[in-house]
*Asks:* 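This is the structure I have questions about; it appears just below.
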Amino acid sequence: MTLYLNDLGLLCAAGNSRPEVIKRLLAGDRSGLIATDAFGPTTTIVGQINSELPGIGPRYRIYNCRNNQLLLAALSQIRTTVDRMIGKFGAGRVGIVLGTSTSGVRNTELALAYQAEHGALPEGFHYKQQQMGAGADFLSEYLGVTGPAYTISTACSSSGKAFASARRLINLELCDAVIVGGADSLCRLTINGFAALESLSTGYCKPFGLHRNGINIGEAASLFVLSKEPGPVALLGIGASSDAYHFSAPDPAGTAVITAMQKALHDAGKRPDEVDYLNLHGTATVLNDAMESKAVNAVFGNQTAASSSKGMTGHTLGAAAALELGFCWLLLTEKEDGALIPNINDDEPDTGLAPLHLVKNGESLGRGIQVCQSNSFAFGGNNLSIVVARA
């Protein structure tokens with residue numbers, strides 16, 4: 001059964017709406033990456049959202065955190081489609097599956113700082129704000145839907161895994177439509193954690209660049225409506241694998257990553273040469289980019305147009321898979337000339353990497369893009385690849 005991605009709402013460091021995001025991505029604009037000392041003892045570059053976010057009223061005060069505000073902002077962009085699905089199928093037939101790695105932990109950081117100064121937690125703080133399931137619970141309460149609602153947290157593949165779960169809910173006839181995606185917000189926990197791993201870039205991140213030395217952490221929300229009802233983009237294939245090679249380092253052979261990409265292609269009924277654009281995980285760490293180059297070259301050779309968009313958004317962790325699938329959705333629906341997202345790193349190419357066709361700024365396919373694939377890899381060797389196509 002073919003399922004469709006009927007609508008998309010997203011915001012990230014590259015913009016706060018679909019038109020703004022695709023315009024800045026295609027231009028190679030990395031101005032959304034900014035230097036700040038708000039999240040640690042030293043200044044670091046992050047992909048921060050600077051728009052005014054919708055407020056969460058007193059009725060939902062136990063869910064009041066930035067992560068849920070990001071979700072609410074993304075939801076506002078697809079609310080008409082969501083309401084139509086609820087009206088058509090009923091509240092009990094609409095599910096919610098999200099991915100996150102931070103949830104509202106920033107609220108807890110601020111609350112503990114307040115407690116250290118004042119001797120008590122601030123009024124309005126609730127542990128629910130940082131629970132991993134808070135986003136799905138909040139949207140379920142906010143929309144009044146009663147279908148399955150839960151959150152997946154598998155580090156940087158979280159919101160990609162959400163699509164596999166959402167598809168399963170529909171295929172098992174437990175839901176007719178699912179709101180699926182993810183959100184992650186900036187916090188000290190992740191920034192200092194990656195600093196401890198020596199994985200933060202000393203400047204702007206350089207995906208697949210010769211001098212790459214780490215990531216810029218970003219924040220984002222991306223929500224889709226997935227259903228059986230025909231829509232502009234078809235969800236064709238999902239491939240997952242796990243290698244458990246190391247707690248945080250990728251398997252340099254990339255064997256399980258190759259498996260994930262091949263499974264996604266097989267599930268989609270597509271050959272590698274039928275994929276027009278591949279969104280790479282491309283974290284800009286030394287080990288990930290070396291492994292991914294090797295794996296992608298093994299499956300696609302060096303002909304398929306590919307890029308990491310993280311040079312413009314930062315690595316949005318648990319939201320990355322849904323966000324970057326959103327970029328693919330935009331390429332499939334909003335550009336007829338085949339304009340491609342460039343691999344921005346402001347660096348020399350690393351000729352020691354397995355050769356790939358990394359998209360240059362201004363490069364175009366010259367025709368409408370028909371099929372896209374997107375990779376997301378997580379700590380512990382938790383790998384995911386998704387294939388989508390113009391319907």
Side-chain angles (χ1 to χ4, degrees), residues 12-13 32-49 65-67 99-117 127 129-132 152-159 182-209 211-220 242-252 257 281-292 308 310-311 313-321 323 345 347 376-383:
C12 61
L33 299 178
I34 61 170
T36 180
D37 59 2
F39 300 100
T42 59
T43 299
T44 188
I45 293 173
V46 299
Q48 188 167 8
I49 294 169
C65 66
R66 182 173 178 83
N67 222 59
T100 190
S101 67
T102 65
S103 189
V105 73
R106 180 61 176 156
N107 271 42
T108 300
E109 294 173 351
L110 296 172
L112 292 176
Y114 183 94
Q115 184 183 43
E117 183 176 352
Y127 180 74
Q129 293 158 2
Q130 78 155 44
Q131 286 182 318
M132 286 298 170
I152 294 169
S153 189
T154 55
C156 302
S157 64
S158 299
S159 57
D184 253 359
S185 45
L186 291 168
C187 63
R188 295 177 67 95
L189 175 70
T190 50
I191 290 175
N192 288 288
F194 277 94
L197 291 171
E198 299 182 344
S199 293
L200 289 183
S201 178
T202 54
Y204 290 100
C205 67
K206 300 174 175 63
F208 302 97
H211 302 100
R212 68 190 186 279
N213 66 353
I215 71 175
N216 298 142
I217 293 179
E219 61 182 357
S242 184
D243 55 57
Y245 172 81
H246 185 272
F247 178 80
S248 58
D251 175 5
V257 165
H281 187 56
T283 60
T285 59
V286 173
L287 296 180
N288 175 87
D289 290 6
M291 176 279 295
E292 189 172 13
S308 168
K310 290 181 174 67
T313 65
H315 187 354
T316 60
L317 306 181
L323 179 68
N345 59 27
D347 194 18
S376 297
F377 315 134
F379 280 178
N382 192 315
N383 311 304

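Here the structure is a predicted model, which means the values were calculated and not measured. Below, each value reflects all heavy atoms present in this structure, side chains not excepted, and no hydrogens, waters or symmetry copies.
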*Asks:* Do you know which two heavy atoms are closest between Ala220 and Ala319, and how far apart they sit?
*Replies:* O-CB, 3.7 Å
*Asks:* Identify, with sequence neighbours excluded, every residue that meets side-chain contact (heavy atoms from CB on, under 4.5 Å) alongside Pro250.
*Replies:* Leu287, Met291
*Asks:* Rounded to the nearest 0.5 Å, how far does SG of Cys65 lie from CG of Asn107?
*Replies:* 5.5 Å
*Asks:* Just how far is it from atom CD1 of Ile217 to atom CD1 of Ile45, taken to the nearest 0.5 Å?
*Replies:* 12.5 Å
*Asks:* Is there side-chain contact between Ile215 and Lys310, with at least one heavy-atom pair below 4.5 Å?
*Replies:* no
*Asks:* Once salt bridge (Lys or Arg N to Asp or Glu O under 4.0 Å) is applied, do any residues pair with Glu292, and if so which ones, sequence neighbours excluded?
*Replies:* none
*Asks:* At what distance, to the nearest 0.5 angstrom, does CG of Asp251 lie from CG of Asp243?
*Replies:* 5.0 Å
*Asks:* What pairs with Tyr114 under ring pair (Phe, Tyr, Trp, His ring centres under 6.0 Å), at least two apart in sequence or on another chain?
*Replies:* His118
*Asks:* Can you sort out the partners of Ser199 under side chain to side chain donor-acceptor pair (under 3.5 Å), two or more places apart, ordered by chain and number?
*Replies:* none
*Asks:* Please enumerate all residues that pass side chain to side chain donor-acceptor pair (under 3.5 Å) together with His246, with sequence neighbours excluded.
*Replies:* none
*Asks:* By side-chain contact (heavy atoms from CB on, under 4.5 Å), which residues pair with Leu189, not counting sequence neighbours?
*Replies:* Val105, Glu109, Cys187
*Asks:* Look up atom OG1 in Thr42 and atom CG in Leu200, then write down how far apart they are to the nearest 0.5 Å.
*Replies:* 8.0 Å
*Asks:* Do side-chain atoms of Ser159 reach the backbone of Gly318 as a donor and acceptor pair under 3.5 angstrom?
*Replies:* yes
*Asks:* Considering residues at least two apart in sequence or located in another chain, which fulfil the side-chain contact (heavy atoms from CB on, under 4.5 Å) criterion with Ala13?
*Replies:* none
*Asks:* Identify, with sequence neighbours excluded, every residue that meets side chain to side chain donor-acceptor pair (under 3.5 Å) alongside Thr202.
*Replies:* Asn213
*Asks:* Can you name the nearest heavy-atom pair linking His211 to Asp347, along with the distance?
*Replies:* N-OD2, 2.6 Å
*Asks:* Looking at Ser308 and Gly282, would you say the former's side chain and the latter's main chain have a donor-acceptor pair under 3.5 Å?
*Replies:* yes
*Asks:* Which heavy atom of Thr154 sits nearest a heavy atom of Ser158, and at what distance?
*Replies:* N-OG, 2.8 Å
*Asks:* Between Asn216 (side chain) and Tyr204 (backbone), is there a donor-acceptor pair under 3.5 Å?
*Replies:* no
*Asks:* Looking at every non-hydrogen atom in both residues, tell me the closest pair between Gly380 and Ser242 and how far apart they are.
*Replies:* O-OG, 4.1 Å
*Asks:* Is the side chain of Arg212 donor-acceptor paired with the backbone N or O of Val286 at a distance under 3.5 Å, no angle test?
*Replies:* yes
*Asks:* Answer yes or no: is there a side-chain heavy-atom contact under 4.5 Å between Leu317 and Phe194?
*Replies:* yes
*Asks:* Do the side chain of Glu219 and the main chain of Ile49 share a donor and acceptor less than 3.5 angstrom apart?
*Replies:* yes
*Asks:* Which residues pass the side-chain contact (heavy atoms from CB on, under 4.5 Å) test with Thr43, not counting sequence neighbours?
*Replies:* Ala35, Asp37
*Asks:* Name all residues meeting the ring pair (Phe, Tyr, Trp, His ring centres under 6.0 Å) criterion together with His281; count only those two or more places apart in sequence or in a different chain, and write none if there are none.
*Replies:* His315, Phe377
*Asks:* State which residues pass ring pair (Phe, Tyr, Trp, His ring centres under 6.0 Å) with Phe39; sequence neighbours excluded, sorted by chain then number.
*Replies:* none
*Asks:* Enumerate the residue pairs fulfilling side chain to side chain donor-acceptor pair (under 3.5 Å) with a member in residues 183-193, sequence neighbours excluded, ordered by first and then second residue.
*Replies:* Asn67-Ser185, Thr100-Asp184, Ser101-Asp184, Thr102-Asp184
*Asks:* Looking at Gly311 and Pro207, what are the two nearest heavy atoms and their distance?
*Replies:* N-CG, 4.0 Å
